[in-house]
Engineer: 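Below is the structure I would like to discuss, written out as structure tokens.
Predicted model, so just to flag it, every value in this text is computed and none were measured. We use all heavy atoms of the structure for the numbers below, so side chains are in, but hydrogens, waters and symmetry mates are not.
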Amino acid sequence: MTDVLLRGGRPWGVNGPADVLVRDGVIEVVAPSVEAPGARVVDVAGQLVLPGLVDAHCHLDKTLYGGPWVPHSADDTLAGRIGNDLARRGELGVPSVPRMVSLLRAMSSYGTTSVRSHTDIDPQTGLRGVEAVREAAAQVPVDVTQVAFPQHGLLTNPGTAELLEEALKSGVEAVGGLDPAGIDRDPVRHLDLIFGLADRYGAHVDIHLHDGGSLGAWEVELITERTRVLGLAGRVTISHAYALGQVDAAQAGKLAEGLAGAGVAVCTAAVYSFPVPPVKTLRAAGVTVACGHDGIRDLWGPFGSGDMLERAMHLAYRSTFRRDDDIELALEAATYGGARALGLRGYGLAPGDRADLVVVGASTPAEAVVVRPGRTLVMKDGIVLHN
């Protein structure tokens, strides 16, 4: 493998310009001046060097990306979007491997190197989505892990629980849940099943929690307690967590302390006008905050580009961040926060880390989020993909 020397960039977190030497797929040296005879030298003077972007929550199996335009037809309710998805999947050939490949290639070009995809599991679809995502991921230099996701209900959809277990047996990395109270109306039994599977197969847990207000806050407490008792710190994520953005500041702070103590991450997509968890409160408490797209051009909504800098901008904007240090929190969610939530090893910009890197024409992290400049270079495992 050819050594690559990134000359004169500004690695995030390093004071002043520095060279980054990549050898055998990992970062070997980060220093003000590095000599590496024989290395391929790439001049990135004055540009920001970031670790690969992480989309910690998307739905690859649902995407219509790269195909003909499909007018959105669902009504503006969760039940309506679920019904529209079920009704039109067959008509539109979902899941589609070529569309997923098209989307993953776009994500890669924007600097995303790791993705967590929530893949629908239900008796109608079986494990076709899991197999299709694997086939697509094998064609693109992006690390893709999956969540076995009961999109259409778990307890209310007989046969789904058995399929979740089959997915985990086949190597799917995480088990998902969906509104244990609002959809399944039995949060204790729902969490018994999800956490039982995770414990049995050593899997991560990632639960969609749209339930808001006091109901959602109570479910956050239930998930926090389960995680603490089972010793699953670092393996549990609550996605969306709308309730955290709806309760008052005192309750949000208390919930944040519980999440941090139990090692539960929160992932947000900051989509539309749905509540956004209080990022500053969560981070101040020590909670891992990750970010993702949610749906990208699918039957749930027509928006989404695959660019995680754009997603970070939406998170910063929806959070009313204006100061550079606040805006930087949104970028952290799209990088280090996502890596922690997914349990990625060797992630970052230090010697010994995997050489998953993206270079952008910006002088600071805040500028990168706000301006979203083109990517000068994208590297995956030491291989330059886009330059």
Side-chain angles (χ1 to χ4, degrees), residues 54-57 116 118 145 147-150 154 173-182 184 187-188 190-247 249-270 275-292 294 315 329 332-344 347:
V54 179
D55 190 323
H57 185 118
R116 172 179 277 181
H118 293 252
T145 57
V147 181
F149 176 46
L154 177 54
E173 297 84 359
V175 60
L178 173 68
D179 294 329
D184 268 353
V188 173
H190 182 109
L191 295 177
D192 280 347
L193 200 158
I194 295 300
F195 277 87
L197 286 171
D199 193 40
R200 195 174 315 144
Y201 291 95
H204 280 235
V205 174
D206 196 327
I207 299 176
H208 280 61
L209 189 59
H210 309 95
D211 289 340
S214 58
L215 177 62
W218 175 60
E219 290 173 270
V220 169
E221 291 177 335
L222 291 180
I223 294 167
T224 298
E225 181 64 10
R226 289 295 181 104
T227 304
R228 187 187 64 77
V229 169
L230 292 174
L232 295 180
R235 285 171 48 190
V236 177
T237 300
I238 302 176
S239 285
H240 303 313
Y242 294 158
L244 293 174
Q246 294 175 313
V247 298
Q251 188 174 9
K254 182 178 179 182
L255 291 170
E257 290 176 4
L259 291 165
V264 178
V266 171
C267 184
T268 181
V276 177
V279 175
K280 291 176 70 172
T281 298
L282 292 168
R283 290 301 296 126
V287 180
T288 290
V289 177
C291 183
D294 202 13
L315 175 56
L329 292 174
E332 185 199 42
T335 52
Y336 289 100
R340 287 193 295 270
L342 271 58
L344 301 184
Y347 178 90

Engineer: Tell me whether K254 is salt-bridged to E257, with the criterion being a basic N under 4.0 Å from an acidic carboxylate O.
Structural biologist: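 Looking at K254 and E257, the cut-off is not met.
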
Engineer: Looking at every non-hydrogen atom in both residues, tell me the closest pair between A260 and A285 and how far apart they are.
Structural biologist: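 Smallest interatomic distance, heavy atoms only, reads CB-O, 3.2 Å.
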
Engineer: Which atom names give the shortest non-hydrogen contact between I207 and V205, and what distance separates them?
Structural biologist: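 Result for this residue pair: CG1-CG1, 3.6 Å.
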
Engineer: Please check: side-chain N/O of T237 versus main-chain N/O of S239, any donor-acceptor pairing under 3.5 Å?
Structural biologist: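 Side chain of T237 to backbone of S239, a donor-acceptor pair under 3.5 Å: no, none is there.
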
Engineer: Check for a donor-acceptor pair, side chain of E219 on one end and backbone N or O of A181 on the other, with a separation under 3.5 Å.
Structural biologist: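 Yes, because the side chain of E219 sits within donor-acceptor range (under 3.5 Å) of the backbone of A181.
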
Engineer: After noting the C-alpha distance and the side-chain angles of Y347 and L342, does the key distance pass the side chain to side chain contact (heavy atoms under 4.5 Å, CB included) rule?
Structural biologist: CA-CA 11 Å; Y347 178 90; L342 271 58; over 6 Å; no

Engineer: Give me the one residue out of L244, L255, V279 that meets side-chain contact (heavy atoms from CB on, under 4.5 Å) with V266.
Structural biologist: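 Passing option: L244.
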
Engineer: Could you check if a side-chain atom of P277 sits within less than 4.5 angstrom of a side-chain atom of L282, using non-hydrogen atoms only?
Structural biologist: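 Answer yes - side chains close enough.
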
Engineer: Between V264 and R228, is there a side-chain heavy-atom distance shorter than 4.5 Å?
Structural biologist: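 Result no, sub-4.5 Å side-chain heavy-atom pair not found.
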
Engineer: Check the pair L209, D179 against side chain to side chain contact (heavy atoms under 4.5 Å, CB included), reporting the backbone distance first and the verdict last.
Structural biologist: CA-CA 5 Å; L209 189 59; D179 294 329; 3.9 Å; yes

Engineer: Could you pull out the closest heavy-atom pair between P187 and L222, with the gap in Å?
Structural biologist: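 That would be CB-CD1, 4.0 Å.
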
Engineer: Could you check whether the rings of F149 and H208 sit parallel, tilted or perpendicular, using 30° and 60° as the cut-offs?
Structural biologist: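 Geometry flag for H208 against F149: parallel rings.
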
Engineer: Using only atom types and a distance under 3.5 Å, with no angle test, would you say the side chain of E332 pairs donor to acceptor with the backbone of G337?
Structural biologist: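 Answer holds: no.
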
Engineer: Check whether any side-chain heavy atom of T335 lies under 4.5 Å from a side-chain heavy atom of C291, and answer yes or no.
Structural biologist: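 They are not in contact (no side-chain heavy atoms under 4.5 Å apart), so the answer is no.
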
Engineer: What I'd like to find out is whether the side chain of I223 reaches to under 4.5 Å of the side chain of L191, using heavy atoms alone.
Structural biologist: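 In short, these two side chains touch, coming nearer than 4.5 Å.
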
Engineer: Indicate yes or no: at least one non-hydrogen side-chain atom of H240 is less than 4.5 angstrom from one of D294.
Structural biologist: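 In contact.
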
Engineer: Roughly how far apart are K280 NZ and L329 CG, rounded to 0.5 Å?
Structural biologist: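 So the gap between those two atoms works out to 7.5 Å.
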
Engineer: Pick out which of L259, T227, T268 makes a side-chain contact (heavy atoms from CB on, under 4.5 Å) with I238.
Structural biologist: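 Only one option passes, and that is L259.
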
Engineer: How close do Y242 and P275 get, counting heavy atoms only, and between which atoms?
Structural biologist: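 Shortest heavy-atom separation between Y242 and P275 comes out as CD2-O, 3.3 Å.
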
Engineer: When the side chains of residues 193-204 are checked against the rest of the protein, which donor-acceptor pairs come out under 3.5 Å, sequence neighbours left out?
Structural biologist:
from : atom 1 : to   : atom 2 : distance (Å)
R200 : NH1    : E165 : OE2    : 3.3
Y201 : OH     : E165 : OE2    : 2.5
H204 : ND1    : R116 : NH2    : 3.4

Engineer: Quick check: closest heavy atoms across R283 and V287, and the distance to 0.1 Å?
Structural biologist: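 Result for this residue pair: NH1-O, 2.8 Å.
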
Engineer: Taking side chain as C-beta onward, heavy atoms only, is D184 less than 4.5 Å from L178?
Structural biologist: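 No, too far: nothing below the 4.5 Å cut-off.
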
Engineer: Any idea which heavy atoms bring A290 and A341 closest together, and the distance?
Structural biologist: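 Minimum heavy-atom contact is CB-CB, 4.0 Å.
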
Engineer: Indicate yes or no for a side-chain donor-acceptor contact from R235 to the backbone of G343 under 3.5 Å, with no hydrogens or angles considered.
Structural biologist: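 No.
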
